[in-house]
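Reading through the structure tokens given below for one structure.
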Amino acid sequence: MHHLSEQELIRRENLQKLREAGFEPFPSEGVDVNATAREIREKFADGDSTYQDVTLAGRLMSKRIMGKASFGELQDSTGRIQIYVSRDEICPDEDKTLYNEAFKKWFDLGDFIAVRGFAFYTQMGECTVHVREIKLVSKSLRPLPVVKKDDEGNVYDAFTDPEQRYRQRYVDLVVNDHVRDVFVKRTRMYSSMREYLNAKGYLEVETPILQPLYGGAAARPFTTHHNTLDMKLYLRIANELYLKRLIVGGFDGVYEFSKDFRNEGMSRFHNPEFTQIELYVAYRDYNWMMSLVEEMVEKVAIDLHGTTRVQVGENVIDFKRPWKRYTMYEAIQHFTGIDISEMDEDELRNTARTLHVHVDGTMGKGKLIDEIFGETCEGNLVQPTFITDYPVEMSPLAKKHAGKPGLVERFEAICNKKEICNAFSELNDPIDQRQRFEAQLELGKRGDEEAMVLDEDFLRALEYGMPPTAGLGIGMDRLAMIMTNQPSIQDVLFFPQMKPEKDPSQVKETGE
RNA sequence: GAUCUGAUAGCUCAGUCGGUAGAGCAAUACACUUUUAAUGUAUGGGCCCUGGGUUCAAGUCCCAGUCAGAUCACCA
């Protein structure tokens, strides 16, 4: 038990007093809620006969006591509504304990209450529930931060400390109403994409998170151990190779919202666990997939905001189709004026140095191009833009370009200076795929901790034959950041990863 | 991993040259039957993140650490 503050002690005393007076602070029966705060505020018109017998439940968030009458605010999942409580109405008989003691003294801010009454407008024009019955349905033993707003919408004493907000998201959600909106939008984003993909007939599937071999991306994995099988397992870094096995198995289109895990650095854009949607569609290529991405993300923007235009920080991002398309070479030429398409490795390295791009001796041609692009182009791309045709060295799972040697049929969409998706015509030539894996093994031997491992079962699947396939991955967290205008990945994850708080057992015990 | 910034009451924050710990909201008590950042009066509430050091004296200065945020590096 932690040290109890003065306010916590008072709440425990109030709980005891309620019990002694016969008001059970944690009753077991339910509440027949038949209205919400938002519904009443939006639909109740003064003088009409609606909402004349409503039951609401939620937290008591403020109390303004004026003798025999009081105002308060009840907050349910839809928002707040004012309640009016008068002594002689909730206590029609001689015994005024419910009002004088329980409501005025023992009900604390944050307690869950249920009220039954009727809607009306006060003289001040505030939509209010006139309470005839009030009941405590669950006691709150800790004081919530009290955030107040005035008529002009100015917020006072906002609960803003990021550490507390992330560690105690439940408190953040109770007192910061905009936080709820972010997560509701995030979920709506998922529904919007599901709707879109299901309408096309693609199958939502689930594939293993615990994998004996990790693959499908270049990243360091988390490892774990299965006791009964006595084997090492990895938490997936991607589900690509499993979804492609399903295309081998005969599905035309499969997708999965995949929680992936990467044991790497953390930042505003990186959480150790994050979510991607991956989608694979048979008999399609990357050009076709580009159109799908445009259409789907445009739909997401409209479903969330009613428009293709989304405010993100200082910028308004317009997801209206079609998006700009550059090949990687064109993008570099556009932003630097230099045509690198015919350059060999030495020329690329010199160009990189001229552009003040950091290079080292281990970088091959593909890596050099990627570095030049990342340094000179990405930061300029605010509006959604497709970058196509990547160097083969960087893309061991993508099909070689039909007409451009050294490149693969791959694209990324860049938006707000960050990659939001990655897609390619999937490599389905098992012999080529084996060679690409072997090249990765070489990188691994040279110490590249992120090199891919050779997946013999995946190759076996390809050898049975995989139709030409277009594949896509979209970072759901990154997209959610854009769609909800949040600066940090932690703001779109309910429970972002944090170091543990101070060991509670070392906190000195006192009190009771 | 590097640099910078921060940690003081339940919340948001002040705290001067190193000299008894402050405000607003919240809490407690009283008043008040249409208030709304309700109001008025009074009252209580602190391991100043942790551990060392300097000093007659440390919330304040110095060193080390913990946690967090930002920037950079790393990284799909």
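All chains are named by letter (A, B, ...) in the order of the sequence lines, taking the proteins before the strands, and each is independently numbered beginning at 1.
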Using a cut-off of 4.0 Å on non-hydrogen atoms, how would the nucleic acid contact of [X] be classed: base, sugar-phosphate, or nothing?
X	value
A/Glu13	nothing
A/Phe159	sugar-phosphate
A/Glu264	sugar-phosphate

Please state the [atom1] separation for the pair [N] and [M] - nearest whole angstrom.
N	M	atom1	result
B/A37	B/A26	C1'	13 Å
B/C30	B/G46	P	23 Å
B/U60	B/U39	C1'	38 Å
B/C56	B/G10	P	35 Å
B/G19	B/U28	C1'	33 Å
B/A58	B/G52	C1'	13 Å
B/U35	B/C49	C1'	41 Å
B/C61	B/U16	C1'	15 Å

Non-hydrogen side-chain atoms of A/Leu98 and A/Phe103 separated by less than 4.5 Å: no
Residues two or more places apart in sequence or in another chain: which of them pass salt bridge (charged side-chain N to carboxylate O under 4.0 Å, His left out) with [X]?
X	value
A/Asp161	none
A/Glu163	A/Arg167
A/Glu39	none

Decide yes or no, distance alone: a donor-acceptor N/O pair under 3.5 angstrom between the base of [N] and the side-chain of [X].
X	N	value
A/Thr122	B/U35	yes
A/Asp161	B/G69	no
A/Tyr84	B/U35	no

Can any side-chain N or O of [X] pair as donor or acceptor with the backbone N or O of [Y] at less than 3.5 Å?
X	Y	result
A/Gln211	A/Pro208	yes
A/Glu20	A/Lys17	no
A/Arg169	A/Phe494	yes

Does [X] make a side-chain N or O approach to OP1 or OP2 of [N] shorter than 4.0 Å?
X	N	answer
A/Arg268	B/U71	yes
A/Lys149	B/A37	no
A/Arg64	B/U35	no
A/Gln82	B/U34	no

Which residue is it: A/Arg436, A/Arg410, A/Gln433? I am looking for the one with a side-chain contact (heavy atoms from CB on, under 4.5 Å) to A/Leu397. A/Gln433
Neighbours of RNA chain B within residues 165-177 of chain A, by heavy-atom distance under 4.0 Å: A/Tyr166, A/Arg167
side-chain hydrogen bond (donor to acceptor under 3.5 Å, both in side chains) between A/Tyr390 and A/His401: does it pass, once the steps are laid out? CA-CA 9 Å; A/Tyr390 283 64; A/His401 197 285; over 6 Å; no
Just by protein heavy atoms under 4.0 Å, how would nucleotides 26-32 of chain B read 5' to 3' in B, S and -? BSS-S-B
Using a 3.5 Å cut-off on both pairing distances, which stems of three or more Watson-Crick or G-U pairs include RNA chain B? B:1-7 with B:66-72, B:10-13 with B:22-25, B:27-31 with B:39-43, B:49-53 with B:61-65
